[in-house]
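Everything quoted here is computed from the prediction, not taken from an experiment. Each chain gets a letter, A, B and so on, in the order the sequences are listed, and its residues count up from 1.
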Amino acid sequence: MLIFFYSDAHDSKDGATELLNPDSYNPGKPNYHPIQDATWKKGENVPYMVLAKTLELIEETSSRLKMIEILANYFRSVFLLSPDDLLCSVYLCLNQLAPAYMGIELGVGEGIIIKAIAQATGRATDKVKSDVATKGDVGLVAEASKGTQRTLSIPVSLTVKSVFTKLTEVAVMTGNSSQIKKVDKIHGILVAAKQLESRFITRSLAGKLRIGLAEQSVLQALAFAATATPPNQSTPPTQLNCFAGLSSETIKAKVEASAVILKTAYCQCPSYDQIIPVLLREGVEALPLHCTLTPGVPLKPMLACPTRGVGEVLQKFESTKFTCEWKYDGERAQIHLLENGEIRIYSRNQENNTSKYPDIISRFQSWIEPSASVRSAILDTEAVAWDTDKKQILPFQILSTRKRKDAVEADIKVQVCVYAFDLLYLNGESLVTMPLIERRQRLWNSFHKVDGQFGFATSRDPQTVEEIEEFLDESLKGNCEGLMVKGLVKDATYEIAKRSKNWLKLKKDYLDGIGDTIDAVVIGGYLGRGKRTGLYGGFLLACYDEANEEYQSLCKIGTGFSDEDFQAHSDFLKNHKIPKPKPYFRFDPSLSPDDWFEPVQVWEIKCADLSISPVHRAATGIVDPVKGISLRFPRFIRIRPDKNPENATSSEQIADLYNSQEQVKNKKTDDDEEGFY
DNA sequence: GGTGTCTGCCC
DNA sequence: ATTCTGC
DNA sequence: GCAGAATGGGCAGACACC
């Protein structure tokens with residue numbers, strides 16, 4: 001009787017009792033069968049545990065190809081059994097809720113997560129907080145908390161869709177007491193989640209999945225899955241595994257062909273809302289028909305590789321034609337002109353910045369060359385803060401004070417000048433497969449300079465090391481960061497899917513032995529997260545102020561260290577821990593590290609710029625009466641065993657370095673000149 | 001209405 | 001942003 | 001060389017709290 005009941009409950013498949021338990025789902029299984037190895041039935045919503053098992057397995061895997069295959073197997077099952085869950089599956093794998101330009105934010109940080117965990121487990125928030133610091137991962141803390149948590153009833157099973165929906169619900173909560181509501185909501189989700197599920201739900205909320213797989217591999221996995229098991233099959237599906245019997249070379253080639261199509265579609269139309277339905281309905285091959293470059297939808301921008309010297313630049317381009325442009329220190333602005341006259345502006349990360357730039361919108365038409373009759377276009381530009389009196393570029397820090405949303409043109413205090421350097425779409429035609437030399441010609445033909453409003457990135461085609469160095473120096477004098485170097489003809493298209501970093505950037509501070517280096521004293525350490533768990537993942541640095549005989553916080557630092565460095569620093573500094581900061585440490589309490597150290601070691605560090613800081617205290621009273629100085633893009637270079645802390649860079653020297661910056665000098669010079677009139 | 005803190009997004 | 005690391 | 005994951009300064013915006 002009992003036996004009959006069991007076999008009836010699990011019906012069709014022989015010996016499938018265990019397989020229907022999501023806890024036993026294994027997408028890493030050799031010869032994975034997308035239907036038989038799935039632990040749910042056709043038409044059902046995918047249990048969230050299935051996705052959690054998939055993510056766990058990926059997290060345990062180091063080989064990228066293997067990770068992709070694991071995720072692809074999960075997708076193959078979703079294709080055939082629950083295609084409606086594919087979109088939310090993809091979003092959960094990527095830690096997204098919607099395309100960036102939709103502007104949907106979770107509005108959840110670690111603070112809220114810790115509160116929710118504390119609430120769900122009845123523990124004090126400080127206890128949870130210190131657990132997070134020790135374990136180095138909110139997800140693991142949430143998961144471990146489940147072990148001690150009292151479960152009054154068997155939780156309702158979570159599905160991929162229900163988790164995604166709940167996250168979206170958290171995101172849309174705004175306004176008064178929304179924080180409490182978010183905590184309550186997250187509390188509710190955590191109560192319903194099993195251990196493993198709570199690990200990944202919590203990480204989703206924290207915005208870091210930390211499984212070693214992200215956007216590129218998700219696309220690769222989708223391509224793999226769609227090639228092995230086409231999603232657009234009639235029922236019952238006949239093609240469960242198109243790879244059976246094929247050589248690995250053949251498989252690789254087929255997957256690569258699909259991946260290029262998929263990635264191209266995604267780069268030109270970075271919206272899974274649009275791509276996934278097409279993929280499901282018509283397959284990979286149909287993507288180029290439906291997901292194409294369109295004004296009004298942001299595309300992925302071309303990025304640049306750091307270059308350690310002019311030699312490297314010449315080596316890369318050898319005998320091919322290239323051009324150099326000033327690298328402006330502003331904000332990427334992708335300006336779209338739609339056929340209906342509408343203008344939209346997107347950030348480097350596809351955020352919709354249209355309402356930030358009413359000034360650009362009202363001026364844009366006047367930048368069009370009348371003879372060119374531009375009806376639609378996408379420009380790649382840098383928006384830079386502009387001093388209208390002195391007619392010069394202002395620092396990035398000034399630009400960043402502009403209103404971000406719903407700016408009103410009449411109220412704008414910081415003006416911008418737009419420097420255009422590429423044209424990706426013109427009058428109904430995509431230009432991305434053209435070489436830069438042709439795109440740039442169309443850009444120059446279609447628009448014209450307007451002083452203080454719009455211009456083309458200053459460019460030159462130097463040939464020798466000396467000419468490049470000269471142009472680099474000119475760019476710095478012009479308040480720019482350095483140079484961008486771009487091929488003009490060969491491999492000079494704007495095809496992000498093929499190579500997303502097809503340009504080079506050359507900055508003074510990349511060059512060994514050039515740029516500002518500073519010798520600073522380590523006075524504190526912050527416990528590392530993720531792969532840095534168990535060691536310090538960052539440090540607080542200070543400079544010595546001779547006048548007051550004190551150490552003043554200069555910056556935190558967390559990059560430039562090798563794994564070996566982290567181990568060595570942690571080993572060394574734990575012997576110099578002190579329970580409290582020295583009375584002669586000057587710092588803002590918000591920067592308090594997990595551990596304080598005796599000022600015993602000096603590190604050479606590098607930075608791109610020095611800035612007036614709202615929190616750091618270096619050189620307070622020298623450049624600014626109350627504010628200190630900090631560093632932009634600080635990174636570790638090496639230990640200076642030869643230097644005593646009191647011989648580290650002094651606050652006066654920090655102030656001198658600040659004042660010697662081109663941006664500061666240019667400002668001062670002009671201020672002085674004004675004094676004459 | 002002012003201040004403090006957290007979050008997301010620029011670099 | 002910069003940097004390091006496994007593949 | 002790619003892709004991913006560590007980490008930086010600093011700003012506005014959104015809320016919480018007083």
Side-chain angles (χ1 to χ4, degrees), chain A residues 61-68 100 103-115 136 173-182 206-220 303-306 328-333 347-351 353 356 382-383 395-407 414 481 499-501 505 507 509-510 526 528-533 535-541 554-566 589-591 605-616 629-637:
Chain A
T61 303
S62 62
S63 155
R64 179 160 310 287
L65 289 173
K66 187 67 193 162
M67 292 191 260
I68 288 165
I104 298 176
E105 300 160 22
L106 262 179
V108 171
E110 209 166 271
I112 286 180
I113 295 171
I114 284 172
K115 271 188 198 166
M173 290 173 172
T174 53
N176 224 303
S177 66
S178 59
Q179 305 294 91
I180 293 173
K181 288 180 194 156
K182 287 188 189 216
K208 287 183 176 194
L209 228 36
R210 208 130 65 184
I211 56 172
L213 171 147
E215 191 169 275
Q216 290 308 307
S217 302
V218 170
L219 287 162
Q220 200 75 32
L303 303 176
C305 263
Y328 294 85
D329 190 9
E331 180 178 40
R332 196 83 173 252
S347 79
R348 170 194 158 117
N349 298 311
Q350 300 83 51
E351 298 286 335
N353 274 351
K356 179 174 180 176
E382 189 84 2
F396 174 79
Q397 219 176 343
I398 302 290
L399 179 73
S400 69
T401 62
R402 274 177 64 112
K403 216 167 177 306
R404 306 267 166 86
K405 294 177 174 177
D406 306 318
V414 175
E481 290 187 290
R499 177 172 292 168
S500 69
K501 291 187 173 177
K505 51 180 169 181
K507 292 165 63 168
D509 56 294
Y510 295 157
Y526 305 89
R529 307 294 185 89
K531 61 188 178 186
R532 295 186 189 170
T533 303
L535 302 170
Y536 296 116
F539 302 89
L540 181 62
L541 300 185
L554 173 65
C555 65
K556 295 201 286 178
I557 193 159
T559 193
F561 308 98
S562 66
D563 289 357
E564 222 179 324
D565 290 333
F566 279 116
S590 66
L591 296 165
I605 60 172
K606 204 166 216 189
C607 63
D609 295 304
L610 294 88
S611 57
I612 300 293
S613 171
V615 288
H616 284 286
I629 289 171
S630 191
L631 310 182
R632 190 182 189 198
F633 312 144
R635 59 266 201 189
F636 175 82
I637 303 297

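Among the atoms of the strands shown, none is found under 4.0 Å from any heavy atom of Phe636(A). Across all strands shown, Ser613(A) has heavy atoms under 4.0 Å from sugar-phosphate atoms exclusively, and none from any base. Using a 4.0 Å heavy-atom cutoff across all strands shown, Asp609(A) reaches no nucleic acid atom at all. If you check every strand for non-hydrogen atoms under 4.0 Å, Lys556(A) touches sugar and phosphate atoms only. Nucleic acid contact for Leu399(A): none, since no nucleic acid atom lies under 4.0 Å from a heavy atom of the residue. Heavy atoms of Gly207(A) sit nowhere under 4.0 angstrom from any nucleic acid atom. Residue Ile612(A) is classed as a sugar-phosphate contact, given heavy-atom separations below 4.0 Å to backbone atoms only. Note on Leu65(A): nothing from the nucleic acid sits closer than 4.0 angstrom, heavy atoms only. Using a 4.0 Å heavy-atom cutoff across all strands shown, Lys405(A) reaches sugar-phosphate atoms only and no base atom. The residue Ile211(A) sits close only to the backbone: its heavy atoms come under 4.0 Å of sugar-phosphate atoms, none of a base. Lys403(A) comes within 4.0 angstrom of the backbone, heavy atoms only, and of no base. Residue-level contact check: Lys66(A) touches neither bases nor backbone, having no heavy atom under 4.0 Å from any strand.
Nearer to the 5' terminus of DNA chain D, by closest-nucleotide assignment, is the contact made by Ser500(A) (compared with the other of Cys555(A) and Ser500(A)). DNA chain D is contacted by both Gln220(A) and Gly530(A); Gln220(A) maps to the nucleotide lying nearer its 5′ end (nearest heavy atom per residue). Remark on DNA chain C: of its neighbouring residues Leu303(A) and Gly560(A), the 5'-side contact belongs to Leu303(A), judged by nearest-heavy-atom nucleotide. Taking for each of Tyr510(A) and Arg64(A) the nucleotide of DNA chain C with the nearest heavy atom, the 5'-most of the two is the partner of Tyr510(A).
In this structure, CG on Leu399(A) lies 11.0 Å from CD on Gln397(A), to the nearest 0.5 angstrom.
Taking atom P on both nucleotides, dG6(C) is separated from dT3(B) by 50 Å, rounded to a whole Å.
Protein chain A touches strand DNA chain C; the 5'-most and 3'-most nucleotides with an atom under 4.0 angstrom of its non-hydrogen atoms are dA1(C) to dC7(C). A 4.0 Å heavy-atom criterion places the boundary nucleotides of DNA chain D facing chain A at dC2(D) to dA16(D), written 5' to 3'.
Applying the side-chain contact (heavy atoms from CB on, under 4.5 Å) criterion to Arg499(A), with sequence neighbours excluded, gives Lys316(A), Asn502(A). Residues forming a salt bridge (charged side-chain N to carboxylate O under 4.0 Å, His left out) with Arg532(A) (at least two apart in sequence, or on another chain): none. Applying the salt bridge (charged side-chain N to carboxylate O under 4.0 Å, His left out) criterion to Arg529(A), with sequence neighbours excluded, gives Glu110(A).
No hydrogens or angles considered: a donor-acceptor pair under 3.5 Å links the side chains of Arg64(A) and Ser217(A).
Counting heavy atoms from C-beta outward, Tyr510(A) and Lys505(A) have side chains that approach closer than 4.5 Å.
Ring pair Phe566(A)/Phe561(A) is tilted by interplanar angle, where 30° to 60° counts as tilted.
Both tests do not hold together for Lys556(A) against Phe539(A): distance to the six-membered ring centre under 6.0 Å, angle to the ring axis within 45°.
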Contact letters for nucleotides 3-11 of chain B, in which S counts primed atoms plus P, OP1 and OP2 and B counts the base, heavy atoms under 4.0 Å: ----SBSBB

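Annotation for Ile557(A) and Phe636(A): closest pair CD1-N, 3.4 Å, computed over non-hydrogen atoms.
Salt-bridge check for Arg348(A) with Glu331(A): failed, with every basic side-chain N at 4.0 Å or more from each acidic carboxylate O. Arg632(A) has a carboxylate O that lies under 4.0 Å from a charged side-chain N of Asp329(A), or vice versa, which qualifies the two as a salt bridge.
Other residues, nucleotides and ligands contribute more than 12 heavy atoms inside 6.0 Å of the NZ atom of Lys507(A).
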